[in-house]
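One structure is given here, and the rest of the page talks about it.
Bear in mind the structure is a predicted one, so any value in this text is a computation, not a measurement.
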Amino acid sequence: MNNLVAQQNAVTELMRVSPLADELAERFARAGHSLYLVGGSVRDALLGRLSNDLDFTTDARPDRVLQIVSEWGDAVWDVGIAFGTVGVTKNGTTLEITTFRADSYDRVGRNPEVTFGDTIEGDLLRRDFTVNAMAIDLVGKTFIDPHDGMDALRLKVLDTPALPQESFADDPLRMMRAARFSAQLGFTAAPRVVEAMTSMSEEIDRITAERVQTELSKLMLAPDPRPGLELLVDTGLADRVLPELPGMRLAIDEHHQHKDVYQHSLTVLAQAIALEKSHEPASEPDLVLRLAALLHDIGKPATREFTPGGGVSFHHHEVVGARMTRKRLRALKYSKEIIEQVSQLVFLHLRFHGYGGGEWTDSAVRRYVTDAGDLLTRLHKLVRADSTTRNKRKAAALQATYDDLEARIERIKEQEDLDRVRPDLDGNEIMRLLGLPPGPQVGRAWKFLKELRLDRGPLDHDEAVAELKKWAAAEGLGSGEQA
């Protein structure tokens with residue numbers, strides 16, 4: 001894409017939101033102020049993917065911006081006004097208008113001392129990457145590109161307007177953003193950016209876990225997370241924010257040939273993403289599935305044992321891995337729901353391999369479904385994604401075996417309500433039949449009946465009552481049936 005074509009793409013995309021942008025620019029011009037489309041909005045316009053969330057910058061101070069847009073917008077908010085940002089919605093489009101910034105940083109934390117600037121050039125210099133440091137003058141429809149961002153866009157290179165060491169010292173989170181953009185846009189970090197990220201990786205410790213997690217999640221939800229993850233590992237940033245990932249790089253020695261767990265995990269992630277798209281093409285990217293795919297084997301390094309004859313084993317790595325996953329995701333401040341779901345998938349991912357040639361009983365199939373619960377569809381995708389081998393015959397056999405398991409699940413579901421496996425008698429009936437008050441003994445009886453239900457499937461009422469009374473007698477529980 002040459003610069004002329006790129007400019008034309010941007011103008012074409014810009015016209016898509018006109019007359020909205022023209023109308024807004026005219027209001028600022030009448031008030032004696034400039035207005036520019038800026039940052040990611042310009043980058044996306046050049047890529048032909050402009051969204052309905054637009055970023056603008058202006059020389060007008062925040063209070064003045066409020067005056068200009070207050071009667072024009074459908075809604076106006078000023079929650080970011082301390083940082084110079086006023087938000088507006090108009091005809092379904094969200095606009096953020098920020099006063100030129102010329103911030104300074106103490107290089108201890110991340111938050112800058114907000115200082116308003118007077119020029120577009122000064123504002124662009126403080127931005128993270130040159131592809132985000134371009135602007136469109138909305139009055140003259142001209143490009144402002146002092147840092148050759150358009151060339152970087154054409155070459156798909158991530159570089160910084162200032163020296164990367166200066167940029168990352170001001171805001172270390174930009175190193176995470178470099179990895180995220182590598183994944184989202186398919187861009188390659190410039191050598192000097194990689195060098196700065198490597199030498200300054202410890203600076204990421206200044207950033208709160210919540211902000212790191214936000215960038216990591218955006219990276220994981222990108223079309224292809226692998227380049228971003230590899231950049232985090234190669235620069236040492238992953239050692240600070242997700243040390244279990246580089247920890248999976250197991251040396252392959254000449255006597256114990258086994259696949260590198262790190263590379264395997266990246267492959268499983270890619271295959272899980274492919275299954276997302278093939279199963280539900282219109283669905284949003286699945287963060288839970290992707291995290292589980294990436295982390296499913298993190299327990300292997302801690303459980304690796306060499307066996308006689310040149311083998312290697314990883315006994316109970318799914319148990320250790322689930323515990324490690326829970327600990328890491330907590331440290332990254334993920335929600336309780338995400339932590340529990342990802343950890344459970346890691347715990348269950350190996351269960352299928354006990355299925356063998358389909359020898360599982362119906363009871364084992366019921367337990368597989370019950371233990372997975374709402375995660376069953378994700379577990380199907382994770383297990384299939386994890387069936388990686390260079391041996392095509394073995395890979396086909398694994399997929400065929402899982403096809404058989406899924407078919408058995410569907411057959412049993414047609415006969416039973418596998419989605420809500422409950423005892424054949426409820427708590428009230430247990431208390432009535434055994435003459436028990438509410439308490440732990442009722443819970444034990446309920447658990448016995450649920451286990452029985454999983455083992456044998458649905459029982460008729462009389463059979464369930466007989467089994468309960470037999471169990472109660474063996475347990476020495478009262479049978480003073482209440483009327």
Quiz item: Excluding sequence neighbours, so at least two apart, what forms salt bridge (charged side-chain N to carboxylate O under 4.0 Å, His left out) with D78?
Solution: none
Practice problem: Applying salt bridge (charged side-chain N to carboxylate O under 4.0 Å, His left out), name anything that partners D123, two or more places apart in sequence or on another chain. | Solution: R126, R127
Self-check item: Heavy-atom closest pair, residues N132 and R43
Solution: OD1-NH1, 2.7 Å
Quiz prompt | Atom pair CG/CD of L237 and E202 - distance to nearest 0.5 Å | solution = 10.5 Å
Exercise. Taking the side chain as every heavy atom from C-beta outward, state whether I338 and L291 have any pair of such atoms under 4.5 Å apart.
Key: yes
Practice problem: State, with a plain yes or no, whether a side-chain heavy atom of T115 is found less than 4.5 Å away from one of R101. | Solution: no
Practice problem: Would you sort out whether T93 and L95 count as a side-chain contact (heavy atoms from CB on, under 4.5 Å), showing the intermediate values? | Solution: CA-CA 6 Å; T93 297; L95 308 92; 4.3 Å; yes
Self-check item: Side chain to side chain, L287 and M220, heavy atoms closer than 4.5 Å
Solution: yes
Quiz item: Should L47 and L185 count as side-chain neighbours, where that means a heavy-atom distance under 4.5 Å?
Solution: yes
Quiz item: Can you check whether V157 reaches T130 side chain to side chain, under 4.5 Å on heavy atoms?
Solution: no
Quiz prompt | Side-chain touch I273/P225, heavy atoms, less than 4.5 angstrom | solution = yes
Exercise. Could you give me the CA-CA distance, side-chain angles and deciding distance for R249 and D260, then say whether salt bridge (Lys or Arg N to Asp or Glu O under 4.0 Å) is met?
Key: CA-CA 6 Å; R249 291 181 296 186; D260 181 276; over 6 Å; no
Quiz prompt | Donor-acceptor pair, side chain of T89 and main chain of G92, under 3.5 angstrom | solution = no
Quiz item: Roughly how far, to the nearest 0.5 Å, is CG of D159 from CG of D151?
Solution: 11.5 Å
Quiz item: Atom CG of D362 and atom CZ of R367: how far apart are they, to the nearest 0.5 Å?
Solution: 12.5 Å
Exercise. Take L231 and S182, measure what side-chain contact (heavy atoms from CB on, under 4.5 Å) needs, and give me the verdict at the end.
Key: CA-CA 8 Å; L231 183 58; S182 294; 3.7 Å; yes
Self-check item: Donor-acceptor contact present, side-chain E276 to main-chain D286, <3.5 Å
Solution: yes
Quiz item: Does T325 use its side chain to pair, donor to acceptor, with the backbone of G321 at less than 3.5 Å?
Solution: yes
Self-check item: Residue list, ring-ring contact (aromatic ring centres under 6.0 Å, His included) with F187, at least two apart or on another chain
Solution: none
Quiz item: Does A135 have any side-chain contact (heavy atoms from CB on, under 4.5 Å) partners at least two apart in sequence or in another chain, and if so, which?
Solution: Y36, V38, I120, L124, I144
Quiz item: Between atom CZ of R177 and atom CG of L158, what is the distance when rounded to the nearest 0.5 Å?
Solution: 10.5 Å
Quiz item: Side chain of E318, backbone of F347: donor and acceptor closer than 3.5 Å?
Solution: no
Self-check item: Residues in salt bridge (charged side-chain N to carboxylate O under 4.0 Å, His left out) contact with R323, at least two apart in sequence or another chain
Solution: none
Quiz item: Which distance, rounded to the nearest 0.5 Å, do you find between the CG of D44 and the CG of L153?
Solution: 9.0 Å
Quiz item: What's the shortest heavy-atom distance between A183 and P223, and which atoms?
Solution: O-CD, 4.0 Å
Self-check item: P161 to A133 - nearest heavy-atom pair and separation
Solution: CG-CB, 3.9 Å
Exercise. Could you walk me through whether R408 and R411 pass the side-chain contact (heavy atoms from CB on, under 4.5 Å) test, one step at a time?
Key: CA-CA 5 Å; R408 285 187 66 189; R411 284 199 300 271; 2.9 Å; yes
Exercise. Salt-bridge test for E475 and R444: reply yes if a basic N is under 4.0 Å from a carboxylate O, no otherwise.
Key: yes
Exercise. Identify whether the distance between the nearest side-chain nitrogen and carboxylate oxygen of R206 and E203 falls below 4.0 Å.
Key: yes
Quiz item: Do E210 and T214 come within less than 4.5 Å of each other through their side chains, counting heavy atoms only?
Solution: no
Self-check item: Pairs meeting criterion salt bridge (Lys or Arg N to Asp or Glu O under 4.0 Å) with involvement of residues 339-348, two or more places apart
Solution: R326-E340
Quiz item: Can you list the residues that meet the ring-ring contact (aromatic ring centres under 6.0 Å, His included) rule with W471, with sequence neighbours excluded?
Solution: F448
Quiz item: Would you say the ring centroid of H349 lies under 6.0 angstrom from that of H317?
Solution: yes
Quiz prompt | Least distance between heavy atoms, I339 atom then Y334 atom | solution = CD1-O, 3.3 Å
Practice problem: Can you see which heavy atom on L37 is nearest to which on F56, and at what distance? | Solution: CD1-CE2, 3.8 Å
Practice problem: Output the distance between atom CG (L405) and atom OH (Y368), rounded to the nearest 0.5 Å. | Solution: 5.5 Å
Quiz item: Taking only residues two or more places apart in sequence, or in another chain, which ones meet D239 in a side-chain contact (heavy atoms from CB on, under 4.5 Å)?
Solution: P246
Practice problem: Please identify each residue that fulfils salt bridge (charged side-chain N to carboxylate O under 4.0 Å, His left out) with D403, with sequence neighbours left out. | Solution: R384
Quiz item: Are R174 and D128 within salt-bridge range, i.e. N to O under 4.0 Å?
Solution: no
Exercise. Go through the structure and list residues passing side-chain contact (heavy atoms from CB on, under 4.5 Å) with Q341, not counting sequence neighbours.
Key: V288, E337, L375, R378
Quiz item: With a cut-off of 6.0 Å (strictly less than), are more than 12 heavy atoms of other residues, nucleotides or ligands near CD of E195?
Solution: no
Quiz item: With no hydrogens and no angle check, do the side chains of T85 and T98 hold a donor and an acceptor under 3.5 Å apart?
Solution: yes
Exercise. Identify, with sequence neighbours excluded, every residue that meets side-chain contact (heavy atoms from CB on, under 4.5 Å) alongside D234.
Key: E230
Self-check item: S167 side chain to T160 backbone, donor-acceptor under 3.5 Å
Solution: no
Self-check item: Under the ring-ring contact (aromatic ring centres under 6.0 Å, His included) test, residues paired with H380 that sit two or more places apart
Solution: Y402
Practice problem: Determine whether E96 and L54 make a side-chain contact, defined as any pair of heavy atoms from C-beta on separated by less than 4.5 Å. | Solution: no
Quiz item: Which heavy-atom pair separates P301 from M248 by the least distance, and what is that distance?
Solution: CG-CA, 4.0 Å
Quiz item: Could you go step by step and tell me if N52 and T94 meet the side-chain contact (heavy atoms from CB on, under 4.5 Å) rule?
Solution: CA-CA 6 Å; N52 284 333; T94 301; over 6 Å; no
